[in-house]
Amino acid sequence: MQYRRVVELMTEKELGLHLEVRGWVRSCRHSKEVTFIDVNDGSCLANLQVVAEGSLANYAEEVKRLTNGSAIVVRGEFCASPAQGQAVELRASTIKVVGWAAEDYPLQKKRHSFEFLRQISHLRPRTNSLGAVARIRSALSYAVHSFFKERGFFYVHTPIISTGDCEGAGETFTVSALNLEKLALQGQKLDWRQDFFGRQANLTVSGQLEAEAYAMALGRVYTFGPTFRAENSNTSRHLAEFWMVEPEMAFCDLQDDIDLAEEFLKYLLRYALANCQEDLALMMNYVDKDLSLRLENVAEKAFVRLSYDEAVRLLTDAKVDFSYQVQWGADLHSEHERFLTEQIFKQPVVVTDYPLQIKPFYMRANDDGQTVAAMDILFPGIGEIIGGSQREERLERLVGRMESLGMVLDEYQWYIDLRRYGSAPHAGFGLGFERIVQFVTGMKNIREVIPFPRTPGSAAF
RNA sequence: UCCUCGGUAGCUCAGUCGGUAGAGCAGGUGGCUGUUAACCACCCUGUCCGCGGUUCGAAUCCGUGCCGAGGAGCCA
């Protein structure tokens, strides 16, 4: 007996096969002598219709009592369906109930709100929409790796536990093996020297600095892993735990960096369009009907590139009454970014050469002494999706900048060393992976595009 | 963290002027049909988010706490 997944059967041409399907009941339509069961095995969006005749040994006892969500193994003949609604079906010879779903199974056949589904994150992948999102996320993840592999990048696993904070990347979560409760009860002071690592450690906020070290050895590398921010951000675009893709390239400047980033984003969109058609069609029906048009547009058109200077001028000339004033030297706010991408250009925009004082220490100073070789890629509806820069490869410049920011150089000696031993121009960027999954799926809330979202006050499951 | 809006059955929601609750779905029972968000009949389901107040009487009005959503800040 051949075990087959539903996704294969949807394109199987040979009829009359005897085979086995394993999955979960999505819906049952009972009558006296025949029951139709929609079985979903997660391999694709589509259900397989199983036809269960009254002659089955366990028809009255089990088949007629099947509940939604139950796990079943069906053996039978794969044949053309005489009725409309599906091309093929499985005429059951045996149906084995592997695991019953209790009658309080919370998923109904009707639509649920995403807020409700979030409360049952362990069950929500069994819905059409969250199942589709999970498959699209997986496809995009695969595309990340294939994109870099095709271009000769090496995948580097940077550490999750770190002792630097990538300066300005946000609040960190402390990692400790100390018995904090006991220390508090005893009224003792925290002494990190007594802790596991002999100093204070935290969950990483970025793998960039470590990736730079490997770029200085392997040439072109990327990281793709979880990162953590303890910011009290309560928005539909932020998570406390999210996945970031961070390539780093030696012998590259800002222009190469932007070219790569644009090519990368388009590659991901085209990959999804080519490989996730069925799931994207579902998202278009239920979440955003213009989705594929928007994805195709972004995948084909060249991104608009402009300097921070020009962006500030455009926003000032627009004579729009913003809540935050646009002025040279201040960072662009959400409303400004949205105005650029959604009102002026109606497509992705790359803003480059930001003022030095609003950007972190590792970005390369431009010759004007005022700006750095930085770039942000802004997407309509999403905001900043990529942030990157050419890194400061000149020892004196880097150290000078760190000193002026009051940083403790000892903490970063290894990073400074990279400029002492064969430094080379290099550049990289970071992509918030969930943001691109959001863009591709059209999901409004970032909590729907990661399986078990971590946000302030919420780490259940 | 700030602003705005919300919390009624397992789910989606209605509930008028203050008089202690309802419809669909889910679940149960039966019927019926190659059905397909099946259909029909009957049955079951409530700390109206918690606490306090006003009132003869509160799901409804007031205060407060908790939780959720949208937006902002911060960022990816």
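Values below: all heavy atoms of this structure, side chains included; hydrogens, waters and symmetry mates excluded. In the text below, chain A, chain B and the rest are named by the order of the sequence lines, each starting its count at 1.
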* List for me each residue that meets ring pair (Phe, Tyr, Trp, His ring centres under 6.0 Å) alongside Phe322(A), sequence neighbours excluded, and say none if there are none. => His336(A), Phe339(A)
Look for any protein N or O under 3.5 Å of an N or O in nucleotides 23-27 of chain B and output each such pair with its distance, or none.
residue: C25(B); atom: O2'; partner: Gln108(A); partner atom: OE1; Å: 3.1

* Structure fact -> Out of A38(B), G34(B), C11(B), minimum distance to the side chain of Phe116(A) belongs to C11(B)
* Tell me whether the OP1 or OP2 atom of A38(B) has a side-chain N or O from Ser27(A) closer than 4.0 Å. => yes
* Determine which pairs satisfy ring pair (Phe, Tyr, Trp, His ring centres under 6.0 Å) with at least one residue from residues 52-104 of chain A, sequence neighbours left out, and list them in order. => none
* **Selection: residues 438-456 of chain A, any non-hydrogen atom under 4.0 Å of RNA chain B** => Asn445(A), Arg447(A)
* Asked: Below 4.0 angstrom from OP1 or OP2 of C32(B), is there any side-chain N or O of Arg29(A)?
  -> no
* Any strand is fair game: report the nucleotide pairing with U12(B) by Watson-Crick or G-U wobble, both distances under 3.5 Å, or none. => A23(B)
* Which one is paired to U47(B), where only Watson-Crick or G-U wobble pairs with both distances under 3.5 angstrom count? -> none
* Asked: Mind checking what makes salt bridge (Lys or Arg N to Asp or Glu O under 4.0 Å) contact with Glu20(A), not counting sequence neighbours?
  -> Arg22(A), Arg75(A)
* Look at all strands and tell whether Ser81(A) reaches a base, only sugar-phosphate, or nothing, counting heavy atoms closer than 4.0 Å. => base
* **Interface residues of residues 45-56 of chain A with RNA chain B (non-hydrogen, below 4.0 angstrom)** => Gln49(A), Val51(A)
* Asked: Any side-chain N or O of His333(A) under 4.0 Å from OP1/OP2 of C74(B)?
  -> yes
Would you list the atom pairs, donor with acceptor, under 3.5 Å between side chains in residues 234-247 of chain A and any protein atom, with sequence neighbours excluded?
residue: Asn234(A); atom: ND2; partner: Asn232(A); partner atom: OD1; Å: 3.3
residue: Thr235(A); atom: OG1; partner: Arg237(A); partner atom: N; Å: 2.9
residue: Thr235(A); atom: OG1; partner: His238(A); partner atom: N; Å: 3.2
residue: Thr235(A); atom: OG1; partner: His238(A); partner atom: ND1; Å: 2.6
residue: Glu246(A); atom: OE1; partner: Gly207(A); partner atom: N; Å: 2.8
residue: Glu246(A); atom: OE2; partner: Ser206(A); partner atom: OG; Å: 2.7

* Any pair counted as side chain to side chain donor-acceptor pair (under 3.5 Å), so long as it reaches residues 62-71 of chain A, sequence neighbours left out -> Asn58(A)-Glu62(A), Thr67(A)-Ser70(A)
* **Nearest-Å distance once atom P is located in both A59(B) and G7(B)** => 15 Å
* Asked: Going by the salt bridge (Lys or Arg N to Asp or Glu O under 4.0 Å) test, which pairs reach into residues 120-142 of chain A, not counting sequence neighbours?
  -> Arg124(A)-Glu448(A), Arg135(A)-Asp279(A), Arg137(A)-Glu434(A)
* Which part of the nucleic acid, if any, lies within contact of Ile385(A), taking any heavy atom under 4.0 Å across all strands shown: a base, the sugar-phosphate backbone alone, or nothing? -> sugar-phosphate
* side chain to side chain donor-acceptor pair (under 3.5 Å) partners for His145(A), two or more places apart -> Tyr222(A)
* is_close_aromatic(Tyr362(A), Tyr415(A)), centroid dist under 6.0 Å -> no
* Would you mind listing every ring pair (Phe, Tyr, Trp, His ring centres under 6.0 Å) that reaches into residues 9-58 of chain A, with sequence neighbours excluded? => none
* What does Gln86(A) touch in the nucleic acid at a heavy-atom separation under 4.0 angstrom: a base, only the sugar-phosphate, or nothing? -> base
* **Sub-4.0 Å heavy-atom contacts from residues 237-245 of chain A onto RNA chain B, ordered by number** => Arg237(A), His238(A), Leu239(A), Phe242(A), Met244(A)
* Which part of the nucleic acid, if any, lies within reach of Arg91(A) when heavy atoms closer than 4.0 Å are counted: base, sugar-phosphate only, or nothing? -> base
* Does the side chain of Ser236(A) get closer than 4.0 angstrom to OP1 or OP2 of A69(B) through an N or O atom? -> no
* **NZ or CZ of Arg151(A) within 45° of Phe147(A) ring axis and under 6.0 Å** => yes
